[in-house]
Amino acid sequence: MKENHEQRRKKLLHVFQKLSLPTSRIQLVDSYRDAEALWKLIFDHKGEGLIAKRQKSVYAPGKNHHDWLKIKNWRIIHVILSSYQPSNDYFNAAVWRNDSLISIGKCKHGLDAEARQTVTKLFMESGSFNGQSYTLPPAIVAAVQTLDLYQGELREPAFSGIGAEAEPADCTLKTLQREQAMLPAAVDFSKFDKLYWPKAGIDKSAYLVYMREIAPYMLPFLREHLLTLIRCPEGVEEEYFFQKHLPEYAPSFIKPFQSEEETFMLCDSLESLLWFANHGGIEFHIPFEKAGCMYPNEIVFDLDPPNRERFDLAIKAATIIKKYLDKLKLSSFVKLSGNKGLQIHIPIMEKSMSYEQTALFTQAIAQTVENQHPAFFTTERMKKNRHGRLYIDYVQHGKNKTIIAPYSARKTEEGTVAVPLRWEEVEPSLEPQNFTIKNVVARVQNMGCPFANYELVRQQQNLKEVFTLLGESPPL
DNA sequence: GTATTTG
DNA sequence: CAAATACAACGCGAG
DNA sequence: CTCGCG
């Protein structure tokens, strides 16, 4: 009943206000009727789970009946049982990290009486006792359900099985991290150990985990856009190629987009994202317009310094351009390209400007910046005429052109990412190589996505002053 | 990474 | 049966 | 002009 949510919230707030009760801590939780759709949502976001209740059941503190049901989003992992402590009945769970076992938590519940009896007996009869617990060499593998691996410790672990589903040698930290990530079952993954970024030590397994975790933040930008992929099936140092047509062998969850003549591809689901990633899809590029649409959805400035050492030029140019955009009362978003430079995104209302007009606008701004600081910036396309200046690429913004999608990894040796920034972060200490596959997930989970309001801003963006500047009027 | 063509 | 090839498109400079 | 490169 998602439709009624806003109404219900207002009604509830109204009642609380009438009774002079504090409303600041009221939180109305979304409710859904379609359990399958909701579970998909929870799975995609790695949510904790859901509460199900009878339609007429109301909440009462301490109530003990079965009208309310908590269904948790368990993930199943495989661990080695390394020791047993009789005093509290805990089994210690461990996995291999390189060649030594590391402890990842303790597990007690979930075994039936018979299995528990068998395993404790095994430990107490064959294990070595140190006064506290019995230890066995790595041999017993258990399947454990858990909610998370938080600071190296399993959350709410419970046995879900014990015995021969996996070999002790397979219980590695790498496998655990993958199980913890909950990769979608619809994709057939392969070659987890292939080094995709050899210099940074990032293998395919780590990349897939990155893509799975970043998917909720990345997919909104890919959805409804034609996809151009750069694929590096042998890693970023080996041969690469572009792909924009739907391959014949793609599974049915990869959505085609049919034009007159050609079949392009879309990426609109967790499964699609990870299927592309499993096929060595490293860079996800998208055009400025939605599939099948004539008009751009955003304006982007591409600020491309001659090299990493001159990243300061990108910071300088971005700061200047931001000042102009503020003057025009335009909200803008900034991201690291993941390569050498910065990109400024300005979401514009659907079908509000033609490509001719956005080109005019970007040229006007680019020219202004170039005229103001000719020693630092240039709109000169020819590399040999740039003389170490930062190139403000306004040609790159047009139909049939594409740009790297937010949160896409890049084909760079460090495994850098095209990462959205807050404007406050655009200052001299900013360095692109500090934002990689290894740390961007933690960053976005801690600080939120700086582009979270992108769609909201698009709907509210008023382009009146832009058209005044251009001396034109909107196309529609 | 996969399917197809070529040697 | 192993090896080679395609998987974008566009502008530019070299030949 | 085509070819190869980025």
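Numbers restart at 1 for each chain; the letters A, B, ... are given by sequence-line order, proteins then strands.
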Would you mind reading off the distance between A:K401 atom NZ and C:dA9 atom P, rounded to a whole angstrom? 13 Å
Distance, rounded to the nearest Å, where A:E234 contributes CD and B:dG1 contributes C1': 8 Å
Could you check whether A:E213 pairs with A:K46 (Lys NZ or Arg NE/NH1/NH2 to Asp/Glu carboxylate O, under 4.0 Å)? yes
Using atom C1' of each nucleotide, how far apart are C:dA4 and D:dG6 to the nearest Å? 24 Å
Should A:D312 and A:R310 be marked as a salt bridge (charged side-chain N to carboxylate O under 4.0 Å, His left out) after you check the CA-CA gap, both sets of side-chain angles, and the distance that decides it? CA-CA 5 Å; A:D312 61 299; A:R310 295 315 310 273; 3.1 Å; yes
Mind checking whether A:F451 and A:H345 have ring centres under 6.0 Å apart? yes
Counting just side-chain N and O atoms, does A:K244 come under 4.0 Å of either OP1 or OP2 of C:dA9? yes
Check whether any side-chain nitrogen or oxygen of A:K194 sits under 4.0 Å from OP1 or OP2 of B:dG1, and answer yes or no. yes
N/O to N/O distances under 3.5 Å, protein versus nucleotides 3-6 of chain D:
none

Separation of B:dG1 P from A:Q243 CD (nearest whole Å): 14 Å
Between A:E425 and A:K335, is the closest basic N to carboxylate O distance under 4.0 Å? no
Rounded to the Å, how far apart are A:H285 NE2 and C:dA9 P? 15 Å
Identify whether the distance between the nearest side-chain nitrogen and carboxylate oxygen of A:R223 and A:D268 falls below 4.0 Å. no
Can you tell me how far C1' of C:dA8 sits from CG of A:L226, to the nearest Å? 13 Å
Rounded to whole Å, the CD-P distance (A:E239 to C:dA8) equals 15 Å
Is it the case that atom OH in A:Y324 sees more than 12 heavy atoms from other parts of the structure closer than 6.0 Å? yes
In terms of side-chain heavy atoms, does A:E283 have a donor or acceptor partner in A:S408 at a distance below 3.5 Å? no
Measure up the A:H373 and A:F377 rings against each other and bin them: parallel (under 30°), tilted (30 to 60°), perpendicular (over 60°). perpendicular
To the nearest angstrom, how far is A:I254 atom CD1 from B:dG1 atom P? 15 Å
Do any N or O atoms of the protein come closer than 3.5 Å to N or O atoms of nucleotides 5-7 of chain B, and which pairs are they?
none

Under 4.0 Å, heavy atoms only, any strand: does A:N278 hit a base, just the sugar-phosphate, or nothing? sugar-phosphate
Taking the side chain as every heavy atom from C-beta outward, state whether A:H45 and A:K40 have any atom pair closer than 4.5 Å. no
How close or far is atom P of C:dC10 from atom CG of A:N400, stated in whole angstroms? 6 Å
